[in-house]
Amino acid sequence: MTEAPVPSADELRRRCGENLAALETRIAAVCQRAGRGVGEVTLIGVTKYVGADLTRTLVECGCRELAESRPQQVWDKAAALADLAPRWHLVGHLQRNKVRRTLPVVSLVHTLDSLRLLTAIEAEAAVAGRPCDVLVEVNLTADPERSGCPEAEVPALVAAAAAASHVRLRGLMGMASHPDSAAADARRDFARLREMRDRLAHDVPPEMLRELSMGMSGDFVEAILEGSTMVRIGSALFEGLR
Ligand SMILES: *Cc1c(COP(=O)(O)O)cnc(C)c1O
């Protein structure tokens, strides 16, 4: 067996640009099918699988919204890519002792999952004198081991976040309960998240629940059909690059 040659930097850039363009084309086609404007859906590149070099290549190819699931990775990559100034999203759990270092580098925390975390973010954002945009992450499964706020506690968390003065609630985030299951199952989960948002929207100003962060490489089509405004895509962007 012969090993495939290590791709050159130019080749990596070419493949990365192709992956990004292919995804943007697919997202636009789904938006059209759903009767939605292309500008309604933001592609967020999840860079947790790759190092700072490939992350830089992705930004240079035109992806300016990036996400990591670990706070430490956001800190490190935000520092390494400071010259390009991409916008960072945190899509994994935020421990309270990491709030202080994380807030200055992220533009949106997708994973507000408890009142205790809300209190910690509110306190740090007040000290920093800088508001923090958040999404409430909803656990769409019955499994308490999965991430996110249990569905029954979402109304109270949304009300508390809406009332906070330095935390700015922007919407909800959720993951399909079985990432590898049939498209119809994922779509049902996303529909539930949208319906939850629509119910909650009676009680808070509309701009507080405008965003729906749902959809990953395997299920972003279903998510967009159900109203996603932010798709978080990792593996599909880096296909053939790792
Ligand atoms: C890893 C991750 C993604 C991206 O998943 P892919 O299937 O690789 O696109 C999206 N959202 C969250 C919360 C993740 O942890």
Side-chain angles (χ1 to χ4, degrees), residues 15-16 18-27 30 41-52 54-55 57-59 61 63-78 86-95 98 102 106-114 117 133-141 143 145-150 154 170-183 185-187 189-190 192-194 211-242:
R15 288 186 201 172
C16 186
E18 275 182 10
N19 287 353
L20 181 61
L23 276 162
E24 284 170 343
T25 303
R26 286 188 66 197
I27 289 169
V30 186
V41 179
T42 301
L43 189 167
I44 300 173
V46 180
T47 56
K48 66 188 179 192
Y49 310 108
V50 301
L54 268 182
T55 303
T57 301
L58 179 65
V59 180
C61 287
C63 184
R64 304 206 48 83
E65 307 278 337
L66 303 180
E68 282 287 332
S69 50
R70 292 172 186 275
Q72 176 84 49
Q73 293 296 317
V74 178
W75 308 340
D76 294 351
K77 282 189 182 152
R87 277 165 49 93
W88 283 101
H89 300 251
L90 181 73
V91 298
H93 183 63
L94 178 56
Q95 298 85 351
K98 296 189 175 156
T102 302
V106 297
S107 47
L108 182 63
V109 173
H110 291 229
T111 48
L112 175 64
D113 57 2
S114 71
L117 179 59
D133 286 356
V134 304
L135 306 178
V136 165
E137 181 186 3
V138 180
N139 180 353
L140 292 168
T141 76
D143 178 357
E145 297 291 304
R146 294 283 299 269
S147 62
C149 178
V154 169
R170 294 301 190 195
L172 303 179
M173 182 273 227
M175 280 183 268
S177 41
H178 303 286
D180 300 319
S181 72
D185 293 338
R187 186 155 179 183
D189 288 331
F190 296 142
R192 268 178 41 233
L193 191 63
R194 175 176 46 74
E211 306 293 344
L212 278 178
S213 167
M214 52 188 199
M216 322 199 322
S217 294
D219 55 20
F220 70 87
V221 172
E222 289 73 28
I224 293 171
L225 292 174
E226 290 299 339
S228 171
T229 64
M230 295 178 167
V231 291
R232 311 177 309 269
I233 303 209
S235 352
L237 270 176
F238 296 106
E239 234 167 65
L241 292 166
R242 286 185 282 155

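Counting starts at 1 for both ligands and their atoms, in listed order. As the structure is a computational prediction, the values presented were derived from the model and not from experiment.
For the pair Arg15 (side chain) and Gly240 (backbone), a donor-acceptor distance under 3.5 Å is present. Side chain of Lys77 to backbone of Leu66: no donor-acceptor contact under 3.5 angstrom is found.
Across every non-hydrogen atom of Thr42 and Glu65, the tightest pair is CG2-CG, 3.8 Å.
Annotation: atom 2 (C) of ligand 1 to nearest protein heavy atom, Lys48 NZ, 2.6 Å. With respect to atom 6 (P) of ligand 1, the closest heavy atom belonging to the protein is Ser235 OG, 3.3 Å. Shortest contact from atom 10 (C) of ligand 1 to any protein heavy atom: Met216 SD, 3.3 Å. In this structure, atom 9 (O) of ligand 1 lies nearest to the protein heavy atom Ser217 OG, 2.5 Å. Counting only heavy atoms of the protein, atom 13 (C) of ligand 1 lies nearest to Val91 O, 3.3 Å.
By the salt bridge (charged side-chain N to carboxylate O under 4.0 Å, His left out) test, Asp76 pairs with no residue at all, sequence neighbours left out.
Of the candidates Thr25, Ile224, Val231, Ile224 is the only one forming a side chain to side chain contact (heavy atoms under 4.5 Å, CB included) with Val30.
Close N/O approach between Gly234 and ligand 1 is found [any backbone or side-chain N/O within under 3.5 Å].
Ligand 1 places these atoms under 4.0 Å from at least one heavy atom of Tyr49: 1 (C), 5 (O), 6 (P), 8 (O). Ligand 1 places these atoms under 4.0 Å from at least one heavy atom of Ile233: 9 (O).
Between Lys48 and Glu68, none of the side-chain N atoms (NZ, or NE/NH1/NH2) sits under 4.0 Å from a carboxylate O, so this pair counts as no salt bridge.
Between the choices Glu239, Met214, Arg232, His110, the shortest heavy-atom distance to atom 11 (N) of ligand 1 belongs to Arg232.
For Thr229 and Glu211, the side-chain atoms include at least one donor-acceptor pair closer than 3.5 Å.
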